[in-house]
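In what follows, every chain begins at residue 1, and chains take the letters A, B, ... in the order their sequences are listed.
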Protein chains: 4
Amino acid sequence: MSQSPAERIAYARSWTGGSPYYGRMGIAVESLDEGRAILRLDVAAGHLNADGIAHGGVLPALADAAMGSAARTLHGAAAQLLTAESNLRYLAAVRAGVVRAEGRVVKAGRRVVFTEVDISDANGSLVARGGATFIIQQREA
Amino acid sequence: MSQSPAERIAYARSWTGGSPYYGRMGIAVESLDEGRAILRLDVAAGHLNADGIAHGGVLPALADAAMGSAARTLHGAAAQLLTAESNLRYLAAVRAGVVRAEGRVVKAGRRVVFTEVDISDANGSLVARGGATFIIQQREA
Amino acid sequence: MSQSPAERIAYARSWTGGSPYYGRMGIAVESLDEGRAILRLDVAAGHLNADGIAHGGVLPALADAAMGSAARTLHGAAAQLLTAESNLRYLAAVRAGVVRAEGRVVKAGRRVVFTEVDISDANGSLVARGGATFIIQQREA
Amino acid sequence: MSQSPAERIAYARSWTGGSPYYGRMGIAVESLDEGRAILRLDVAAGHLNADGIAHGGVLPALADAAMGSAARTLHGAAAQLLTAESNLRYLAAVRAGVVRAEGRVVKAGRRVVFTEVDISDANGSLVARGGATFIIQQREA
């Protein structure tokens, strides 16, 4: 039987709790709605590169987490979502503080889901934007 | 005075050593040559998502590190390299074991450096490919 | 002497008029504002592939034109803008009729300009979204 | 009944012949093999922008054509291939002369095909590189 919106959102939330990578990276879920997810990461010493700014791998990790979560709120437990491709443009360097990523589903098709993400710093200034395509793989019933 | 190739490569290596993020993610440098860098990451429990595969943020982090390192072998201490944008296509899911990323400079201009990356699993099978554009910012002398 | 906003917008408009490619592709300017451009293309037989849908090269052409025009409204005659990279996600196939692309500047830096684009069909439905990075090259005074 | 490699390649060739867009853009097929296609375009006045270089929309059109053709040599008449997303990095400006794009299939899955493209100028210098993801839609038997 197919899940209700609330069940799908609860699944998306529990999925992040069951993903060890979120803890390792320090990524936390702030809010989840249908097709939309806001995640945060507190940029700490362990996220920096030798120039004192967040390493180029930090924001893509947060971005993928936000976009995948947004997509899971629509598909719930019925489907495994595999990232097919993603891109990100870095508008400003991030040195410290909380960054928030808002992932949104742009179009959910039968085979793929297209998503986008905005990442903002603690002042609400946009620091990165990007998108991703996820392949939908139905799970065995 | 401008650096020799060996000095630039040594700089690129020391830069990774001075970047806390490499330790946090478990990224290590295997080899550095002019315009080319091979980095590795041993996929462990802390890199996985709730479906037991490497989270979509792991490979972009390794990719950015490999491409940035490749570019730094050419620019050395003279320039700070800022990721302007990157993309990655995920060809196969990664569950465990060592993954290696080979970053290469495709073209180094005056304003930007274009790079590419191949990521392979422990069997040498290609699991992801992508690229990035870095902005070159000359450091104060 | 630097140009006024109106002069920059006039420059962006005249630039498209001086670009033979716009005529060949059937691309027309609908409106130009500071950091924003709306361009249109009437999808005709000559834009189709053998499956009767707009060829995969049509929308990127319109997208690049819209994003470049948006960027030129800010830089005017003072700079040559070179596309460094672009991407596009195709949300829906286009068969016929007018498509409109809205290009917007997301961030204009000293070295590069980041832009984005939405493409909609005659019904206003989103059919593609993407972005681009342009390198700013100051023209000789 | 499924097609032989030669039949699939013949299909890929005939498909381009049935695509009006190829004629409009001046794109011609040079060679087709399994998973690989070389296409050419003679950069003429109608491809230029007001700065006298090939408009930013010309190379993506050639790129998409080369990558789609490469993918069709593997799928033949059995599937319709829809571009899901593509990206391109522009390594050098093109002013005139023949440009050749080599499209290659990187990985053909059940749901999507990943491809890449190199574009070179008349001297064989690389001028652009990129990639694309195509969605595979089985045609009705």
Notebook entry, point to check: What distance separates Trp15(A) CH2 from Leu32(A) CG, expressed to the nearest 0.5 Å?
Noted result: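 If we round to the nearest 0.5 Å, Trp15(A):CH2 and Leu32(A):CG are 12.0 Å apart.
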For [X] and [Y], indicate whether the former's side chain and the latter's backbone hold a donor-acceptor pair under 3.5 Å.
| X | Y | value |
| --- | --- | --- |
| Asp51(A) | Ile53(A) | no |
| Thr73(B) | Ile9(B) | no |
| Arg40(A) | Glu30(A) | no |

Report all side-chain donor-acceptor pairs from residues 58-70 of chain A shorter than 3.5 Å, counting only partners two or more places apart or in another chain.
| unit_1 | atom_1 | unit_2 | atom_2 | d |
| --- | --- | --- | --- | --- |
| Asp64(A) | OD1 | Thr83(A) | OG1 | 3.1 |
| Ser69(A) | OG | Ala65(A) | O | 2.8 |

Of all of [options], which one pairs up most often with chain A through heavy atoms under 4.5 Å apart?
| options | answer |
| --- | --- |
| Ser86(B), Ala132(B), Ser14(B), Gly130(B) | Ser86(B) |
| Thr133(B), Asn49(B), Ile27(B) | Asn49(B) |
| Met25(B), His47(B), His55(B) | His55(B) |

- Query: When only heavy atoms count and the cut-off is under 4.5 Å, which of residues 89-110 of chain B reach chain A?
  - Reply: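 So the qualifying residues are Arg89(B), Tyr90(B).
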ask   = What is the minimum heavy-atom distance between Ala78(A) and Gln3(A), and which atoms define it?
value =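 So the minimum-distance heavy-atom pair works out to N-OE1, 4.4 Å.
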By ring pair (Phe, Tyr, Trp, His ring centres under 6.0 Å), Phe134(A) pairs with (sequence neighbours left out) none
Chain B shares the most heavy-atom pairs under 4.5 Å, among Ile135(A), Asn87(A), Leu48(A), Leu82(A), with Leu48(A)
Partner chain B: residue of Gly57(A), Gly52(A), Ala50(A) with the largest heavy-atom pair count (under 4.5 Å):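 Most pairs with chain B among the choices: Ala50(A).
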Applying salt bridge (charged side-chain N to carboxylate O under 4.0 Å, His left out) to Asp42(B) and not counting sequence neighbours gives none
